[in-house]
Amino acid sequence: MKWLFKFDKDKWQKRQRQMQKNLRSMESIRKINRELILFFKRNHEFFHVERCIEDAAGDPIAIQKMFDSIPVMASDLMSGNESFQFAATARLSFLLSTVIQSGVVPHFVRFLNEQYGLQHKLYSVRALYAIGKGSLEQAVVVIKHGAIPMFIRLLCCSEECYQLKELVAAALGSLANQSPDFRDYVLQFGTLTPLLSLLDNHLEPPMLHEKIALLRTCSNTLAIFCQGNPAPSFNQIRSALPILRRLIHLNPPVGVIGEVCEDACLCLSYLSNGSAEQIQALIDADVCARLVMLLGLSDGKIVEHVLRTVGNIFKGVDSQIQILINNGVFFRLNAILMHGSNSSVLRKTCSAISTLTARDRNQIQVGIYYGFV
């Protein structure tokens with residue numbers, strides 16, 4: 001029996017390709033429709049986020065739905081869309097407030113006692129750190145329930161639980177960073193002593209490289225303790241001076257070690273902004289030589305902090321200024337003016353030179369001699 005028609009393979013393959021193309025087009029259209037629906041839904045949440053939060057307050061089912069959508073909120077925070085980020089931030093803030101109001105903070109603090117295991121403590125410190133980093137009211141709740149003495153006890157613990165101590169140091173820094181009053185309150189508990197002890201025990205190899213994350217967190221917390229307006233009492237911070245002198249000498253000042261060095265330079269820039277006696281207690285010949293060396297780095301942040309410190313030293317006594325001059329500070333400043341491209345660094349360099357030349361006519365002549373004009 002003969003076929004009634006002839007099979008054309010090329011036409012069949014062409015038809016199959018066209019059908020697949022149509023299917024892909026339809027799938028693309030459906031995907032666009034889904035994205036549009038999601039876009040309008042999320043924008044609706046953005047424009048009505050406050051009303052949505054008000055409606056959810058006191059409604060356990062609505063609150064549970066919010067908790068279930070935390071992965072979506074996290075995605076919105078990283079989306080780059082400001083409307084999504086705002087709505088996600090508002091809802092996450094509401095959820096955090098809900099958790100705090102439920103009365104869990106005292107339990108987190110209780111889990112820091114000795115009878116509880118390391119995992120209890122880790123999760124509790126992490127939760128208290130997250131809460132204390134929030135609003136002023138949230139930090140007050142953490143402090144009111146006695147978290148600071150428990151934190152200090154954990155810092156002084158002889159056990160080598162470095163991850164826990166790193167979290168505790170970060171939590172103390174977040175509380176002190178809320179305001180100068182909070183900073184002073186945290187320092188009143190003697191927080192500086194165990195923090196400096198941790199830094200001192202990890203400044204030499206091999207601990208320096210093995211526990212660099214702990215060192216970085218402790219140096220950042222120390223920087224928070226040293227800054228603020230009004231500044232902390234110099235007597236409260238005086239015990240940190242030997243550690244700061246060691247931190248600025250860490251080598252090489254790049255990477256995480258560079259960040260630790262940057263924190264130390266930031267501390268010096270704040271602490272040197274005081275009386276001539278305070279500067280004299282803070283800065284010695286060894287520190288001056290190191291500061292001049294750090295001015296030659298390419299790291300703009302470190303150089304900025306050092307320039308601020310140098311400018312403060314220029315307000316001090318002649319002997320310290322002469323030590324800087326003997327170590328070649330004018331050559332460094334001149335090199336920054338001639339070859340620097342960072343506007344902030346250039347501005348602070350000019351400010352330091354201006355501070356020096358404002359002292360007397362002789363300093364103006366020195367500035368002209370070294371080519372600043």
Side-chain angles (χ1 to χ4, degrees), residues 49-50 52-60 62-64 66-67 69-70 73-74 77 86-157 161 163-192 194-195 217-218 220-225 227-230 232 236:
V49 64
E50 292 184 359
C52 291
I53 289 173
E54 288 175 5
D55 293 342
D59 184 350
I63 291 174
Q64 184 58 50
M66 275 198 183
F67 274 111
S69 65
I70 284 178
M73 298 181 207
L77 286 175
F86 174 81
T89 303
R91 283 180 290 163
L92 287 169
S93 177
F94 167 73
L95 290 178
L96 185 57
S97 299
T98 304
V99 171
I100 295 168
Q101 290 169 9
S102 67
V104 297
V105 173
H107 298 287
F108 288 144
V109 175
R110 179 167 58 87
F111 290 148
L112 301 181
N113 281 306
E114 294 176 358
Q115 65 264 33
Y116 293 97
L118 179 60
Q119 290 302 316
H120 275 80
K121 293 173 183 175
L122 275 171
Y123 287 120
S124 297
V125 172
R126 189 175 286 120
L128 292 170
Y129 170 47
I131 295 169
K133 248 170 69 170
S135 66
L136 207 63
E137 292 77 15
Q138 292 172 358
V140 168
V141 173
V142 173
I143 290 175
K144 186 175 69 174
H145 287 96
I148 295 177
M150 301 301 293
F151 285 160
I152 294 172
R153 186 182 298 176
L154 291 175
L155 278 185
C156 297
C157 175
C161 39
Q163 186 183 2
L164 178 62
K165 291 183 179 182
E166 181 185 340
L167 275 172
V168 169
L172 287 167
S174 69
L175 291 173
N177 202 34
Q178 289 284 355
S179 74
D181 289 336
F182 274 70
R183 176 205 63 206
D184 294 340
Y185 185 77
V186 172
L187 286 171
Q188 283 175 10
F189 285 85
T191 314
L192 199 58
L195 187 73
T217 303
C218 290
N220 183 63
T221 299
L222 180 58
I224 291 171
F225 288 163
Q227 58 187 292
N229 188 19
Q236 280 185 306

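Sequential numbering from 1 along the given sequence is applied to the chain's residues. Values in this document were obtained by computation on a predicted structure and should not be read as measured data.
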Check: Hey, does Phe151 have a side-chain heavy atom less than 4.5 Å from the side chain of Val186?
Finding: no
Next item on the list: Output the distance between atom CG (Leu118) and atom CG (Leu154), rounded to the nearest 0.5 Å.
Entry: 9.5 Å
Margin query: If I take atom SG from residue Cys156 and atom CG from residue Leu195, how far apart are they, to the nearest 0.5 angstrom?
Written below: 10.5 Å
Margin query: Side chains of His120 and Asn113, heavy atoms from C-beta outward: is any pair under 4.5 Å?
Written below: no
Check: Crowded around Tyr123 OH? As in, over 12 foreign heavy atoms under 6.0 Å?
Finding: no
Note to self: Within a 6.0 Å radius of atom CD on Glu114, are there more than 12 heavy atoms belonging to other residues, nucleotides or ligands?
What the structure shows: no
Check: Is there a donor-acceptor pair under 3.5 Å between the side chain of Thr217 and the backbone N or O of Glu166?
Finding: no
Notebook entry, point to check: So do Thr191 and Thr221 actually touch side chain to side chain, heavy atoms under 4.5 Å?
Noted result: no
Next item on the list: Over all heavy atoms of both residues, which pair between Leu112 and Ser124 is shortest? Give the atoms and the distance, please.
Entry: CD2-CB, 3.9 Å
Notebook entry, point to check: Side chains of Leu155 and Leu172: does their closest heavy-atom pair fall under 4.5 Å?
Noted result: yes
Checklist line | Interatomic distance, Gln236 atom CD to Phe225 atom CZ [nearest 0.5 angstrom] | finding: 10.0 Å
Check: Once you round to the nearest 0.5 Å, how far does OG of Ser174 lie from CZ of Phe182?
Finding: 10.5 Å
Next item on the list: Can you see which heavy atom on Leu175 is nearest to which on Ala139, and at what distance?
Entry: CD2-CB, 3.9 Å
Distance-only donor-acceptor pairs under 3.5 Å for side chains of residues 129-137, two or more places apart:
unit_1, atom_1, unit_2, atom_2, d
Ser135, OG, Glu137, OE1, 3.3
Ser135, OG, Gln138, N, 3.3

Note to self: For a quick test of reading the model, state the closest non-hydrogen atom pair linking Pro194 to Ile152 and the distance between them.
What the structure shows: CG-CG2, 4.1 Å
Check: Would a 4.5 Å heavy-atom cut-off, applied to side chains only, mark Met150 and Lys121 as touching?
Finding: no
Next item on the list: Mind telling me whether Phe111 and His107 have parallel, tilted or perpendicular rings, with 30° and 60° as the class edges?
Entry: tilted
Next item on the list: Flag the pair Leu222 / Leu192 as yes when at least one side-chain heavy-atom distance between them is below 4.5 Å, and no otherwise.
Entry: yes
Check: Nearest heavy-atom pair of Arg126 and Gln163: which atoms, and what distance?
Finding: NH2-NE2, 3.5 Å
Checklist line | Shortest non-hydrogen separation from Val125 to Val168 and the atoms involved | finding: CG1-N, 3.8 Å
Margin query: Can you give me the closest heavy-atom contact between Val109 and Gly146, atom names plus distance?
Written below: CG1-O, 3.9 Å
